[in-house]
Amino acid sequence: MVEKTLEKSWEQLNQLLESYRCTKGSMIPVLQQAQEIFGYLPKDVLIKISKELDVAISQVFGVVTFYSQFHLEPRGKNIIRSCQGTACHVRGAKAVLDAIRERLGLKDGQITTPDNEFTIETVACIGACGLAPCLMINDDTHGRLTAESVAPMIDKYYNNKK
Amino acid sequence: MELVKVTIDNKTVSVPSDYTVIEAAQIAGIHIPQLCYHPELTKEGACRVCVVEIEGARGLGAACVYPVNDGMVVHTNTPLVRETRKTVVELLLANHPQECLICQKNNNCELQTIAADLGIREIPYTGEKRNAKKDESNPSIVRDPNKCILCGRCIRACQEHQGLDVYAFVNRGFKTLVEPAFSYDLGEVTCTYCGQCVAVCPTAAICEKDDTEQVFDALGDPNKYVIVQTAPATRVALGEALGLPAGEIVTGKMVAALRRLGFDKVFDTDFSADLTIMEEGYEFLDRVVNGGTLPMITSCSPGWINFIEMKYPDLLPHLSTAKSPQAMFGALTKTYWPETQGIPLEKIYSVSVMPCTAKKAERVRPQLQSNPGIPDVDAVITTRELGRMIKNAGIDFKNLPEEKYDSPLGVSTGAAVIFGVTGGVMEAALRTIYAVLNEGKDIPGINFMPARGMEGIKEATVDVPINGNNVTVKLAVAHTLKNARTLMDKIRAGEADYHFIEIMACPGGCIGGGGQPQPVNAEVRAARTAAVYRVDEDKTIRQSHKNPDIIALYDNWLGKPLGEKSHHLLHTHYKEQPREV
Ligand code: SF4
Ligand code: SF4
Ligand code: SF4
Ligand code: FES
């Protein structure tokens, strides 16, 4: 099943590249659409794009890491965005973040759980400073969190599989 | 080009209208500090340390990118200019590891020099320091991104000289770094270890891997018999690392310094360059006569070998199987020398001094072991590292007497020394091939001018008698991998009817190698090149096949060129180096 969809994604990528062949300055739209196809930008896909568009892979990697819209790792079904803005920071956002990471069993540098259920990112401010420390899970905002209260909340999303 | 008049600090000069202010200032003899600017690379105007005041312009201008125009009046030394430059450098230092005292580039760092020149005494901004991973995983080059000032010179050097794109800016804001794709180590990407990025890096963010410690250890070990060989291009550049002008010939002083450092035998890679000509010359004739793969391409430049093994593996049969001079010499130090001198092999420690960072990686090629499991060369140090060792040992280099190489592996001809410049191997080979085919008659004039000069790709023809027929041999000479690629694409497309091609990875050949003293630019390379040809002219013997010790080596030990022993010791093979990116 997984095999099948991957094959289809590569087919789509090839069509995409075909339609952009010889178009100068097409890297960003190609990367955006490739990310739509694969959900993220796997290494092999970047290498393929680099070859087909004749742009050095180092430069493709440079562009991908410059824009926060691009992802080099698969993304979880649920996206947690933990606010580390000033207000949240002073009210213990770091402890909340650590508690979530521990709950999800994420190792150093990992941002997505191996079962692809969750991806956690930090953001500078989500504009809910009154609720500090706060975070967003998908489209829901949660505030006045503590290291203790956050774990059960995460579990709810686990059970609540989409 | 039309000339325009520009007045800089009250000095008026006429300069071509396509100059920028920094180039005009140089003509006027005024130095403007620079970090991202390098005279041989595209101008970026990224660092702003070169700001100047331009009358009538709003704000300050970056001299490296500001175009001149007629009647322009520039001030490079006003309070505002000084203050601004200071701030620029203070900001660069805010997140810089301030460890000059223990840094490989101490006393040879452009950032340090600028900070000193601008009189920076405190750093008012305390920035968060980076904590990026250092890449020490390959034998040639060490990268420490924490010392990078994001000037981008390495990106451009790799791109513009070598036609490779190993580095790019990644991430943004405070997290910006200069990295290979996927932040891979250099050994995992298409990096040839040529060291051209090292040569232009203004700081210690990209350096040669320092192997001086292990050489000092061997020298201090009474059980070791330490032999050193010195590459052709080192003798015209080492002086620069020790306070002498570019182009000074320091062969005799270098030999004296190596003796004082304690080497048991001071030999010369020039000897094995002569040997290379014998083997490679005869190999070429063999290919022509017996229908071998043509064009035959030279194999002495390890940056070039890495490049073809990574990028054009289908063309490997074109490479001469002759080992590089360093490798041939290494083989002799681990076979001929212990055998004929009665020294146990385990005692021998073989060092080479090279203008090149890629030679460090060549040393560990498994193909280059005459005794299985034992490398033929034990340590490779660059010209820069030898400079540091000489300083470390407190040797007064400038006042050393001139000494001679030890014999017999120190005797060489003019043909060998020109290996150090683009076109030199070709010229040296022709001097011998011509004589072999013409009953020992010298090639007219000895010098072969069409192979000389800094043009990227040179082509020439020579008429020689082969099997009774007059054959026009077509030659090509290329330096830098960008130019090499042009020739390789021609071969692939079946459009190259050359017989013999010389390729050197570095601009100008080894005199511009990635291990040579800094700074390097066209002027410095021209001075070193002229010095190489002076050494050649001054030699009594200028053709490899006339080197008496080469003749004796064949007579007494090796047999004949391409013979059984040569085949084992002096020839090698190549293998594709696949790279994911
Ligand atoms: S790179 Fe230059 S400025 Fe930085 S620590 Fe080394 S010597 Fe000092
Ligand atoms: S060593 Fe040469 S090939 Fe490698 S990154 Fe530096 S310039 Fe590029
Ligand atoms: S590594 Fe060196 S040359 Fe490259 S950007 Fe950094 S400081 Fe400049
Ligand atoms: S040297 Fe001019 S901006 Fe860097």
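Fair warning: this is a prediction, and the values are worked out from it, not measured in the lab. Each chain gets a letter, A, B and so on, in the order its sequence line appears, and its residues count up from 1.
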Is there side-chain contact between B:Met488 and B:Ile503, with heavy atoms separated by less than 4.5 Å? yes
Between B:Cys151 and B:Cys47, is there a side-chain heavy-atom distance shorter than 4.5 Å? no
Value rounded to 0.5 Å, distance of CD1 in B:Ile149 from SG in B:Cys36: 8.5 Å
Can you confirm whether B:Ile297 sits close enough to B:Ile491 that some side-chain heavy atom of one is under 4.5 Å from a side-chain heavy atom of the other? yes
Relative to chain A, which segment of B:Val189 carries a heavy atom at a distance below 4.5 Å: side chain, backbone, both, or neither? neither
Tell me which donor-acceptor pairs, judged by distance alone and kept under 3.5 Å, run between chain B and chain A, one pair per line.
residue: B:Asp165; atom: O; partner: A:Ser58; partner atom: OG; Å: 2.6
residue: B:Asp165; atom: OD2; partner: A:Gln59; partner atom: NE2; Å: 3.0
residue: B:Asn171; atom: N; partner: A:Thr65; partner atom: OG1; Å: 2.9
residue: B:Arg172; atom: NE; partner: A:Phe66; partner atom: O; Å: 2.8
residue: B:Tyr184; atom: OH; partner: A:Lys43; partner atom: NZ; Å: 2.5

If you measure from the Lys or Arg side-chain nitrogens to the Asp or Glu carboxylate oxygens, is any gap between B:Glu362 and B:Arg365 under 4.0 Å? no
Output the option from B:Ile155, B:Val170, B:Leu164 having the highest count of non-hydrogen pairs under 4.5 Å with chain A. B:Val170
Could you check if a side-chain atom of B:Pro180 sits within less than 4.5 angstrom of a side-chain atom of B:Leu186, using non-hydrogen atoms only? yes
Contacts of type side-chain contact (heavy atoms from CB on, under 4.5 Å), residue A:Val64, not counting sequence neighbours: A:Leu31, A:Leu41, A:Leu46, A:Val60, A:Phe70, A:Leu72
